[in-house]
Undergrad: 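I have a structure here, written as structure tokens, and I will follow up with some questions on it.
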Amino acid sequence: MTRIVLSFFLWQLILLSSKPYLSAAIGGRWRLLQKSIGITAMHMQLLNNDRVIIFDRTDFGRSNLSLPNGRCRYDPTDEALKIDCTAHSVEYNVANNSFRALFVQTDVWCSSGAVHPDGSLIQTGGFNDGERKVRVFKPCTDCDWQEIDNGLAARRWYATDHILPDGRQIIIGGRGQFNYEFYPKSGGSEQLYSLPFLVQTNDEYIENNLYPFVFLNVDGNLFIFANNRAILFDYENNKIAKTYPEIPGGDPRSYPSTGSAVLLPLRNLQAQFVVAEVLVCGGAPKGSYTQATYDYFVGALNTCARIKITDPKPQWVMETMPTPRVMGDMTLLPDGNVLIINGASAGTAGWEYGRNPVLNPVLYRPDKARGSRFKLLKATTIPRMYHSTAILLRDGRVLVGGSNPHVGYEFTNVLFPTELRLEAFYPPYLGAQYSNLRPAIVSPLSQTKLTHGQKLIVRFSVTGILAPNLVSVTLVAPSFTTHSFSMNQRLLVLDAGKVTYLRNYHAYQVQVTTPSSGNLAPSGYYMLFVVHRGVPSNGIWVQIQ
């Protein structure tokens with residue numbers, strides 16, 4: 001305890017006496033939204049009613065938010081508290097910056113999820129009595145969690161979910177689970193399917209293959225990255241379609257080494273062959289987890305690896321970040337750039353195992369020349385360590401919350417107190433100097449229903465001078481974000497025609513074509529943005545059916 005207290009005061013002195021990277025930080029701003037939402041934001045999902053569902057775990061002990069109407073949770077299997085009258089989930093209202101307590105019965109710790117095509121959040125697994133649960137949260141007024149007993153065939157703890165073209169979701173891996181299954185269950189799909197790749201990538205006593213990075217490729221197969229390598233997986237026939245090279249250097253990038261990954265924006269969607277690229281950034285070198293258990297905190301990795309997963313002979317291309325980072329989140333922005341945010345520069349994921357917070361976000365611009373893709377942004381004042389999250393909102397901000405590297409809620413005499421604050425990061429494109437370039441969508445209206453391959457007229461206004469050749473329309477799928485990975489995150493740049501001016505409407509018009517199949521864009525809700533000279537509009541919700 002003495003060592004922890006001394007470390008705590010040392011860290012406070014460092015914060016007061018230094019301004020890390022500020023001389024190079026040249027963009028963005030921060031705003032504190034809530035001093036406390038009562039729980040720590042370990043998992044977050046934006047729904048199509050602009051509410052964010054947030055939850056941590058039920059066995060942290062009492063939270064700082066009471067359940068309404070004297071309601072309490074009784075759980076005889078809970079390892080912290082059998083009777084708990086506090087909340088461990090909230091619904092955050094983006095529009096009015098408010099939140100309300102939600103009731104979750106069983107333990108959702110380190111779980112996974114995806115949004116069903118109808119807009120409902122389907123959340124899977126957790127710990128202890130929650131490990132085989134399926135929970136549903138519908139985007140409706142005053143809704144709450146619904147729990148389904150034994151909805152899963154196996155315990156799912158630290159698993160990854162991905163929505164599939166047919167509307168099902170696949171749940172892959174988890175602690176001690178080298179297999180996958182589907183939800184919902186139908187047509188004999190109750191069984192488990194073996195995935196030996198997860199056995200092969202499992203480091204004894206450390207794992208390093210939990211929360212695998214999973215992306216739907218444009219051919220309908222799944223790109224699955226675990227530890228330090230990846231496969232292209234034909235889940236329909238339970239066979240490997242392609243094996244990718246090991247990442248250069250061989251260091252692990254999955255939990256608990258915990259880098260992050262994104263599928264880069266998909267473009268030229270009407271082409272015969274659509275190129276898909278994956279970017280993996282940060283993590284912890286081999287042996288870091290074991291070293292951290294002995295209070296030695298190895299410096300995090302400062303590299304990103306990028307690969308064209310659709311190439312016949314794909315190879316990783318390495319790049320160097322401005323700062324090392326472990327437990328960082330990677331968020332796709334509507335302009336096609338990637339925000340790298342949160343995390344530490346030493347240690348690994350796990351209780352008390354991270355050190356040296358990285359306060360500055362980094363912007364990765366995939367279309368720039370190699371060597372000039374990274375841009376350092378303005379620092380936060382709040383360390384976001386283990387169990388932090390970040391998600392894109394429809395207005396272009398990034399919602400940031402969480403951080404609790406402790407077994408329970410700990411607010412004093414610890415190096416990094418449990419963090420209940422919620423803040424927003426405003427990327428550089430939201431600067432006031434760009435307001436005259438910012439488009440405003442006139443039509444279609446939000447909640448418009450679309451089909452695959454549909455021609456769509458998008459009308460928008462701009463107060464400044466329009467550059468017609470610098471207008472694009474993007475679709476962004478909202479992600480289920482936890483433990484430094486944003487599941488189901490996807491950005492598509494729609495093929496667009498000529499921009500024309502409509503004098504009678506005092507607006508501009510462009511015709512776009514929606515993605516042609518569920519392999520490119522699984523059915524469901526997306527945020528649609530018009531982007532002008534790198535400045536996005538507020539998004540609208542559209543549903544692809």
Undergrad: Would the Phe223 and Phe233 ring centres measure less than 6.0 Å apart?
TA: no
Undergrad: So, does Thr481 use its side chain to make a donor-acceptor pair with the main chain of Ser486 at under 3.5 Å?
TA: no
Undergrad: Taking all non-hydrogen atoms of both residues, which atom of Trp316 and which atom of Pro248 are closest, and how far apart?
TA: CB-CD, 3.5 Å
Undergrad: My understanding is that only one of Asp129, Asp107, Asp84 makes a salt bridge (charged side-chain N to carboxylate O under 4.0 Å, His left out) with Arg73; could you say which?
TA: Asp84
Undergrad: Taking NZ, NE, NH1 and NH2 as the nitrogens, is one of them in Arg365 or Asp335 under 4.0 Å from a carboxylate oxygen of the other?
TA: no
Undergrad: Answer yes or no: is there an ion pair linking Arg397 with Glu423, defined by an N-O contact shorter than 4.0 Å?
TA: no
Undergrad: Do any N or O atoms from the side chain of Ser479 and from the backbone of Met487 form a donor-acceptor pair under 3.5 angstrom?
TA: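 No; judged by distance alone, with no hydrogens or angles, the pair does not exist.
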Undergrad: Are the ring centres of Phe60 and His406 closer than 6.0 Å?
TA: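 So the answer is no for these two rings.
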Undergrad: Taking all heavy atoms of Glu131 and all of Arg155, pick out the closest pair and write down the distance.
TA: OE1-NE, 3.1 Å
Undergrad: Quick check against the 3.5 Å criterion: does Gln291 have a side-chain atom that pairs as donor or acceptor with the backbone of Tyr296?
TA: no
Undergrad: Does the pair Lys308/Glu277 count as a salt bridge with the N-to-O cut at 4.0 Å?
TA: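 No, Lys308 and Glu277 are not salt-bridged.
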Undergrad: Between Phe425 and Trp30, how do the two ring planes meet: parallel, tilted or perpendicular, split at 30° and 60°?
TA: tilted
Undergrad: Apply side-chain hydrogen bond (donor to acceptor under 3.5 Å, both in side chains) to residues Asp203 and Asn209 and explain how you reach the verdict.
TA: CA-CA 8 Å; Asp203 290 341; Asn209 67 348; over 6 Å; no
Undergrad: Is the distance from the ring center of Trp351 to that of His387 below 6.0 Å?
TA: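 They qualify: ring centres under 6.0 Å apart.
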Undergrad: Measure up the Trp157 and Trp109 rings against each other and bin them: parallel (under 30°), tilted (30 to 60°), perpendicular (over 60°).
TA: perpendicular
Undergrad: Between Tyr289 and Tyr353, is the gap from one ring center to the other below 6.0 Å?
TA: yes
Undergrad: Indicate yes or no: at least one non-hydrogen side-chain atom of Ile309 is less than 4.5 angstrom from one of Val275.
TA: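 No; the side chains remain at least 4.5 Å from each other.
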Undergrad: Quick one: do Met327 and Tyr386 satisfy side chain to side chain contact (heavy atoms under 4.5 Å, CB included)? Show the steps, please.
TA: CA-CA 7 Å; Met327 297 182 289; Tyr386 187 40; 3.8 Å; yes
Undergrad: Does the side chain of Thr106 pick up a donor-acceptor pair with the side chain of Glu147 at under 3.5 Å?
TA: yes
Undergrad: On a heavy-atom basis, which atom in Cys281 and which in Met321 lie closest, and how many Å separate them?
TA: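 Distance-wise, the nearest heavy atoms are CB-SD, 4.1 Å.
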Undergrad: Indicate the ring-plane relationship of Phe213 and Phe485, choosing parallel, tilted or perpendicular according to the 30° and 60° boundaries.
TA: tilted
Undergrad: Mark yes or no for whether Thr474, through its side chain, and Leu492, through its backbone, hold a donor-acceptor pair below 3.5 Å.
TA: no
Undergrad: Would you kindly say whether Thr303 and Arg253 are connected by a side-chain donor-acceptor distance under 3.5 Å?
TA: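 Yes, Arg253 and Thr303 have a side-chain donor paired with an acceptor closer than 3.5 Å.
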Undergrad: Kindly check if the number of other-residue, nucleotide or ligand heavy atoms within 6.0 Å of NZ (Lys242) is above 12?
TA: yes
Undergrad: Quick one: does any side-chain atom of Ser345 pair with a main-chain N or O of Asn356 as donor and acceptor, under 3.5 Å?
TA: yes
Undergrad: Output, in order, the C-alpha distance, side-chain angles, deciding distance and verdict of side chain to side chain contact (heavy atoms under 4.5 Å, CB included) for Asp75 and Lys82.
TA: CA-CA 5 Å; Asp75 188 346; Lys82 309 300 182 188; over 6 Å; no
Undergrad: For Lys368, look at atom NZ and say whether over 12 heavy atoms of other residues, nucleotides or ligands are found less than 6.0 Å away.
TA: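 No, NZ of Lys368 has 12 or fewer neighbouring heavy atoms, counting only those of other groups under 6.0 Å.
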Undergrad: For the side chain of Asp234 and the backbone of Asn237, is there at least one donor-acceptor N/O pair under 3.5 Å apart?
TA: yes
Undergrad: Could you check whether the rings of Tyr211 and Tyr255 sit parallel, tilted or perpendicular, using 30° and 60° as the cut-offs?
TA: perpendicular
Undergrad: Start with the C-alpha distance between Leu152 and Glu181, add both sets of side-chain angles, then the distance that settles side chain to side chain contact (heavy atoms under 4.5 Å, CB included), and finish with yes or no.
TA: CA-CA 8 Å; Leu152 300 174; Glu181 62 181 290; 3.9 Å; yes
Undergrad: For a quick test of reading the model, state the closest non-hydrogen atom pair linking Gly401 to Ala41 and the distance between them.
TA: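 The answer is C-CB, 3.8 Å.
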Undergrad: Give the minimum heavy-atom separation between Ser260 and Gly328, together with the two atoms involved.
TA: CB-O, 3.4 Å
Undergrad: Is it true that, when you exclude Phe411 itself, more than 12 heavy atoms of the residues, nucleotides or ligands shown sit nearer than 6.0 Å to its CZ?
TA: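 Yes, because the 6.0 Å sphere around CZ of Phe411 holds more than 12 heavy atoms from other groups.
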Undergrad: How about Asn342 and Asp329: does a side-chain donor come under 3.5 Å of a side-chain acceptor?
TA: yes
Undergrad: Taking atom types as modelled and ignoring hydrogens, do the side chains of Asn208 and Ser254 form a donor-acceptor contact shorter than 3.5 angstrom?
TA: no
Undergrad: Evaluate Ser111 against Gln123 for side-chain hydrogen bond (donor to acceptor under 3.5 Å, both in side chains), listing each step before the verdict.
TA: CA-CA 7 Å; Ser111 56; Gln123 183 272 329; 2.7 Å; yes
Undergrad: Side chains of Phe480 and His43, heavy atoms from C-beta outward: is any pair under 4.5 Å?
TA: yes
Undergrad: When you compare the side chains of Asp78 and Asn128, does any donor N or O come within less than 3.5 Å of an acceptor on the partner?
TA: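 Side chains of Asp78 and Asn128: no pair found under 3.5 Å.
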Undergrad: Determine yes or no for a side-chain-to-main-chain donor-acceptor pair under 3.5 angstrom, with Thr258 supplying the side chain and Pro256 the backbone.
TA: yes
Undergrad: Any sub-3.5 Å donor-acceptor pair from Gln489's side-chain atoms to Leu332's backbone N or O?
TA: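 Side chain of Gln489 to backbone of Leu332: a pair is present.
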Undergrad: Would you name the heavy atoms of Ala390 and Ile341 that are closest together and state the gap between them?
TA: CB-CG2, 3.7 Å
Undergrad: If you take the centroid of each ring, where Trp contributes its six-membered ring, are Phe55 and Trp145 closer together than 6.0 Å?
TA: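 That pair passes the under 6.0 Å test.
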Undergrad: Would you call Arg370-Glu319 a salt bridge at under 4.0 Å N-O?
TA: no
Undergrad: Give a yes or no answer on whether the side chain of His162 reaches the backbone of Asn488 with a donor-acceptor pair at less than 3.5 Å.
TA: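 The answer is no, because no donor-acceptor pair under 3.5 Å joins these two groups.
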Undergrad: Would Glu207 and Arg175 pass as an ion pair if we require N to O under 4.0 Å?
TA: yes
Undergrad: Classify the ring geometry between Tyr180 and Phe182 as parallel (under 30°), tilted (30 to 60°) or perpendicular (over 60°).
TA: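 If you compare the ring of Tyr180 with that of Phe182, the planes turn out perpendicular.
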Undergrad: Between the side chains of Lys286 and Asp251, is the shortest nitrogen-to-carboxylate-oxygen separation below 4.0 Å, so that they form an ion pair?
TA: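 Answer for the salt bridge query: no.
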Undergrad: Under 3.5 Å, is there a donor-acceptor pair linking the side chains of Thr124 and Asp161?
TA: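 There is such a pair between these side chains.
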Undergrad: Using a distance-only test with no angle check, is there a side-chain donor-acceptor pair under 3.5 angstrom linking Thr40 and Asn404?
TA: no
